[in-house]
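Encoded as structure tokens, the structure appears first; notes follow it.
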Number of protein chains: 2
Amino acid sequence: MITTKNAIIRLSRYKSALARLRNLGFVKVFSDNLADAVGVTAAQVRKDFSMFAITGHRRGGYQTDALIEKLNSLLGKDSLQKVIVVGCGNIGSALMKYKSFEQEGIKIAAGFDTSGSFVKKSSEVPILSMDELQSFVSKHKIHIGVIAVPEAVAQAVLDQMVAAGIKGVLNFAPIRLRAPENIVINNVNLVLELESVIYFTRAVEKNPQALVEGG
Amino acid sequence: MITTKNAIIRLSRYKSALARLRNLGFVKVFSDNLADAVGVTAAQVRKDFSMFAITGHRRGGYQTDALIEKLNSLLGKDSLQKVIVVGCGNIGSALMKYKSFEQEGIKIAAGFDTSGSFVKKSSEVPILSMDELQSFVSKHKIHIGVIAVPEAVAQAVLDQMVAAGIKGVLNFAPIRLRAPENIVINNVNLVLELESVIYFTRAVEKNPQALVEGG
DNA sequence: TAGATTGTTAATCGATTAACAATC
DNA sequence: TAGATTGTTAATCGATTAACAATC
């Protein structure tokens with residue numbers, strides 16, 4: 001359901017806006033505050049909350065702390081999430097060092113790569129050989145993985161990950177991966193994101209009233 | 001218009017599928033072939049093409065080469081696109097080395113950073129100080145920039161980029177940026193993408209019929 | 001010609017928004 | 001109480017899909 005997907009993304013945005021509002025001293029927030037902060041309508045905020053059975057107070061809005069906690073638990077952020085990264089090239093190693101993940105309760109447990117030169121068990125996030133994927137994943141009970149390998153090997157890597165027990169994947173390879181239907185795949189295509197900026201920038205330059213709102 | 005945005009993203013996908021089909025020897029393709037390759041309906045393909053005045057032959061489908069060329073020109077890929085990257089931390093430097101951009105006719109002309117230690121004019125993609133942003137952008141007539149700086153300084157960086165003449169931005173900072181309405185901004189939030197995988201993976205584990213299709 | 005595929009219109013589907021009764 | 005905000009229903013809006021006439 002695509003509805004749910006967009007709604008979940010908005011919940012994440014509400015959560016991040018709430019953290020900022022809390023820092024500003026907001027003890028309670030109204031749907032209107034959140035709407036402004038995130039750039040949606042107040043009705044959208046209330047509709048989203050009602051879909052996930054989040055309730056407030058008829059005249060007093062929502063308690064900031066309670067709301068953040070509820071969103072965290074909904075989004076699976078009540079416990080540390082362990083994730084592996086397969087492919088330790090440019091993108092993969094950037095993700096392994098990316099501070100924001102840890103701040104959000106996401107821990108990169110290990111990186112994996114075929115080419116021996118990358119393998120480095122001693123670094124902060126160990127980089128292991130693909131041979132060790134299966135045992136590492138089952139030993140550490142990891143369900144989530146990131147694919148940051150070249151397009152040509154992405155499908156084979158996904159198959160190995162699924163065989164090892166991975167259930168959810170964030171894929172940076174610019175290709176449609178095939179997997180059993182109980183496997184969750186989310187694609188990020190950086191070239192496509194930049195191409196879309198290029199297209200719309202040109203479109204606006206040619207025809208300034210072609211207003212566009214970014215995703 | 002959000003329609004247009006989704007349509008453009010699909011055009012990009014068609015283009016990338018077409019390159020693969022051409023390698024397989026397809027001289028002409030049908031809307032049905034593209035639909036299968038990209039995972040949409042044939043009607044969607046034809047509708048998208050009609051929106052952008054791309055026509056085929058009533059019984060002979062579309063000429064692969066001509067179609068690729070048309071899509072490239074629509075997407076602004078007929079000339080080399082020069083882009084700058086501001087912020088040379090993990091994500092920024094990964095993007096500067098990312099091979100797929102060059103393969104798609106996107107050239108990272110320079111990176112920019114405040115902290116002096118990063119500055120390195122001699123490397124393949126020069127890394128310059130923020131002081132040089134304005135002159136570099138106007139000298140090289142660059143319209144597109146990537147923001148890969150920490151959240152706290154993202155708005156200030158955007159303001160400088162806009163002042164320097166940048167018209168379109170791909171933003172990796174997890175925050176809603178404010179800009180004049182003729183500036184195109186596209187946001188990529190990596191934490192949010194991973195969080196969404198975590199959420200849906202949990203949802204499917206709890207309730208296997210909660211089928212989800214990735215973006 | 002008969003068959004197949006496009007291009008487009010109309011129908012459907014789903015998501016967002018507006019409005020308002022409930023109520024604190 | 002009067003005023004304000006939620007939670008939800010109904011209305012709107014827009015995107016996708018189905019269907020089919022045109023035609024190669």
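Below, chain A is the first sequence line, B the second, and so on; all start at residue 1.
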Looking at [options], which one has an atom nearest to any side-chain atom of [X]?
X       : options               : result
B:Thr41 : C:dT8, C:dA4, D:dT17  : D:dT17
B:Ser50 : D:dA4, C:dT8, D:dT8   : C:dT8
B:Gln44 : C:dT8, D:dG3, D:dT16  : D:dT16
A:Lys47 : D:dT17, D:dT6, D:dA10 : D:dA10
A:Arg10 : C:dT16, D:dT6, C:dT6  : C:dT16

Checklist line | Under 3.5 Å donor-acceptor pair, A:Arg58 side-chain atoms to D:dT6 base atoms | finding: yes

Distance check needed: [N] [atom2] versus [X] [atom1], whole Å only.
X       : N      : atom1 : atom2 : value
B:Asp32 : D:dA18 : CG    : P     : 12 Å
A:Arg59 : D:dT1  : CZ    : P     : 14 Å
A:Gln63 : C:dC24 : CD    : P     : 15 Å
B:Met51 : C:dT6  : CE    : P     : 18 Å
B:Phe30 : C:dG7  : CZ    : P     : 12 Å
B:Tyr62 : D:dC24 : OH    : P     : 14 Å

Note to self: Working to the nearest 0.5 angstrom, can you tell me the gap between A:Glu104 CD and A:Ser12 OG?
What the structure shows: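 The distance works out to 8.0 Å.
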
Next item on the list: Find the distance between CG (A:Asn187) and CD1 (A:Ile175) and round it off to the nearest 0.5 Å.
Entry: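 Going from CG on A:Asn187 over to CD1 on A:Ile175, the span is 10.5 Å.
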
Checklist line | Side-chain donor-acceptor pair present, A:His57, A:Gln63, cut-off under 3.5 Å | finding: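 Distance-only check fails for A:His57 and A:Gln63.
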
Check: Is the shortest side-chain N to carboxylate O distance from B:Asp36 to B:Arg20 below 4.0 Å?
Finding: no

Next item on the list: Look at all strands and tell whether A:Phe49 reaches a base, only sugar-phosphate, or nothing, counting heavy atoms closer than 4.0 Å.
Entry: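 Since no nucleic acid heavy atom lies under 4.0 Å of A:Phe49, the category is nothing.
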
Checklist line | Watson-Crick or G-U wobble partner of C:dG14, both distances under 3.5 Å | finding: D:dC13

